[in-house]
Amino acid sequence: MSSLQLFNSLTRKKESFAPLNPAHVRLYACGPTVYNYAHIGNARMAVVFDLLTRVLKSLYPKVTYVSNITDVDDKIIASHKATGEPIDVITRKYEKIYNDDMAALGCAAPDIQPRATEHIGEMIAMIEALIERGHAYAADGHVLFNVPSFPAYGGLSGRSRDEQVAGARVEVASYKKDSADFVLWKPSETNEPGWDSPWGRGRPGWHIECSAMSAKHLGLPFDIHGGGADLKFPHHENEIAQSCCASGHEDDLSAFAKVWVHNGFVTVEGEKMSKSLGNFLLAHDLIKDVPGPVLRLALLSAHYRQPLDWSEQVVHQAQKLYDKILRAWDVLKDVAVCEESIPQKDPVLALYDDLNTPKAIGVLNSLLNSIFVTEPQYDLPSLKYILLNTLEILGVELVSPEAVSAESNSEIDALLEERSAAKAAKDFTRADEIRDELVAQGIEIIDTPEGAKWRKISYSHST
RNA sequence: GGCGCGGUGGCAGAGUGGCUAUGCAGCGGAUUGCAAAUCCGUGUACACCGGUUCGACUCCGGUCCGUGCCUCCA
């Protein structure tokens with residue numbers, strides 16, 4: 001069996017992945033806060049961890065992937081106050097949109113997708129455990145985690161307590177014993193969502209939900225914990241603190257999750273996405289113009305730990321690649337499958353090396369070229385097997401490009417007939433007009449020895 | 001200021017102590033009524049300065065530049 005290499009943020013080294021229990025691999029990735037459409041950066045996280053899950057599933061018999069929905073949060077409350085929409089309407093609406101959009105990008109639904117609001121009891125229990133063990137204290141209606149009670153704090157992001165204090169740029173609330181202490185529970189106003197607790201009516205802090213839900217659904221310790229690079233500090237650092245301290249493993253940062261995986265950011269045309277620049281690209285909008293598998297390939301075109309600059313050209317390259325895949329598939333349509341791999345043509349091997357998708361795409365191109373050229377040393381049945389397997393693990397679906405309505409279908413056929421008549425009459429002006437008309441509708445004409453064919457295209461070849 | 005990451009051919013982007021990544025774009029050719037696609041040919045790049053080495057883009061040190069995080073943030 002091939003072994004998977006993964007870069008572990010906790011040790012800052014690439015390591016050979018060894019599951020705690022090879023019969024059941026468990027991973028958790030921090031999911032979205034549902035108060036708005038997911039942007040392309042959220043999509044990258046979803047695609048990266050979907051890919052990791054697919055790779056794991058190709059190697060191990062059982063894999064459980066948990067990714068949460070944060071449906072209680074101050075930004076959600078702010079959205080509620082601004083729009084007047086009930087909280088649960090907002091959260092359910094954007095949860096569904098998120099799942100639909102990610103599905104369009106080829107992301108399988110997580111095996112378990114827990115909602116924070118459905119785990120308040122577990123969070124309260126964990127907070128009580130932290131208080132009992134001397135790691136948390138109630139003050140002024142809040143419950144805070146006491147960072148000095150956990151000397152190992154900062155191990156993931158590599159910062160000492162002193163450094164954080166020096167870098168603090170936020171006014172320290174008066175009820176904190178230490179400036180680094182963070183909120184586990186906070187009081188809610190009557191017009192804010194809240195739950196009864198030993199500390200009065202309130203709601204959980206941001207970090208505790210992931211600690212509570214991962215423990216409940218996966219058990220501790222589990223294999224892999226992931227999320228965006230910006231979550232490393234403070235979110236993941238605080239999760240580690242809560243989970244290790246609540247479970248009595250104050251001296252072992254890996255008592256929570258063994259391997260930490262963080263994906264890099266997406267920039268747009270060289271700039272960070274920000275509301276002030278107005279360059280927030282929403283997955284929801286991109287899907288309208290570009291097929292999901294193309295967007296997915298574009299998101300996988302850079303290594304997951306590197307920054308990815310989203311540009312017209314990145315999308316264009318992905319379009320060309322997807323187009324090539326579809327054409328190769330056409331060539332292989334009637335070829336039988338031979339389950340025999342050819343290592344030098346197998347892109348999946350690159351994925352086993354810390355999800356090296358750019359290299360995998362390079363090998364994929366080489367594979368596709370072999371299919372067109374039919375190099376004598378490789379036979380198509382094997383190449384077909386590798387291609388199928390690769391697309392499955394990459395999560396790139398073969399969407400039939402011919403999918404158009406029957407009505408426009410007959411319209412296209414009529415135009416094609418007219419064109420072939422024009423060609424027969426050497427009226428090439430009219431023939432070219434028809435081509436242009438169809439291209440404008442996203443239909444490409446392909447002249448073959450057997451006559452003209454057509455297919456739906458997702459972009460113009462003139463670009 | 002602290003903790004990180006990165007600087008590869010026009011662009012995107014892997015990788016390696018000595019052997020062509022790959023793709024996009026471009027150019028020439030085959031093919032085509034014209035295209036598209038495909039095929040053939042074409043580009044010798046690794047920020048700068050030292051060091052180690054028989055040999056470094058690849059290892060070490062320094063410099064410059066860019067960039068992320070430092071309690072909203074994928």
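Below, read A as the first sequence line, B as the second, and so on, with proteins coming before strands; counting in each chain starts at 1.
- When the ring-ring contact (aromatic ring centres under 6.0 Å, His included) test is applied to H207(A), the partners found at least two apart in sequence or on another chain are F182(A), H235(A).
- K453(A) is linked by a salt bridge (Lys or Arg N to Asp or Glu O under 4.0 Å) to nothing, counting only residues two or more places apart in sequence or in another chain.
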Pairs under 3.5 angstrom, nitrogen or oxygen only, protein versus nucleotides 27-32 of chain B, please.
none

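- For the salt bridge (Lys or Arg N to Asp or Glu O under 4.0 Å) test, no residue two or more places apart in sequence or in another chain qualifies with E269(A).
- The stretch residues 135-145 of chain A has no heavy atom under 4.0 angstrom from RNA chain B at all.
- A ring-ring contact (aromatic ring centres under 6.0 Å, His included) check over residues 28-56 of chain A, counting only residues at least two apart or in different chains, returns the pairs Y28(A)-H225(A), Y37(A)-Y94(A), Y37(A)-H284(A), H39(A)-F280(A).
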Base-contact (B) and sugar-phosphate-only (S) positions in nucleotides 8-20 of chain B, heavy-atom cut-off under 4.0 Å, - elsewhere: ---BSSSS-----

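- For rC5(B), the base has no donor-acceptor partner in the side chain of R305(A) [N/O atoms by modelled type, under 3.5 angstrom].
- Nucleic acid contact for G31(A): none, since no nucleic acid atom lies under 4.0 Å from a heavy atom of the residue.
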Secondary structure string for RNA chain B (Watson-Crick or G-U under 3.5 angstrom, | for other-strand pairs): (((((((..(((.....[...))).(((((.......)))))....(((((..]....))))))))))))....

Nucleic acid footprint by protein, nucleotides 38-46 of chain B - heavy-atom cut-off 4.0 Å, B for base, S for sugar-phosphate alone: SS-------

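- Not a single ring-ring contact (aromatic ring centres under 6.0 Å, His included) links H303(A) to another residue, sequence neighbours left out.
- Within the structure, salt bridge (Lys or Arg N to Asp or Glu O under 4.0 Å) pairs that include any residue of residues 226-244 of chain A do not occur (at least two apart or interchain).
- For K359(A), the salt bridge (Lys or Arg N to Asp or Glu O under 4.0 Å) criterion is met by no residue, not counting sequence neighbours.
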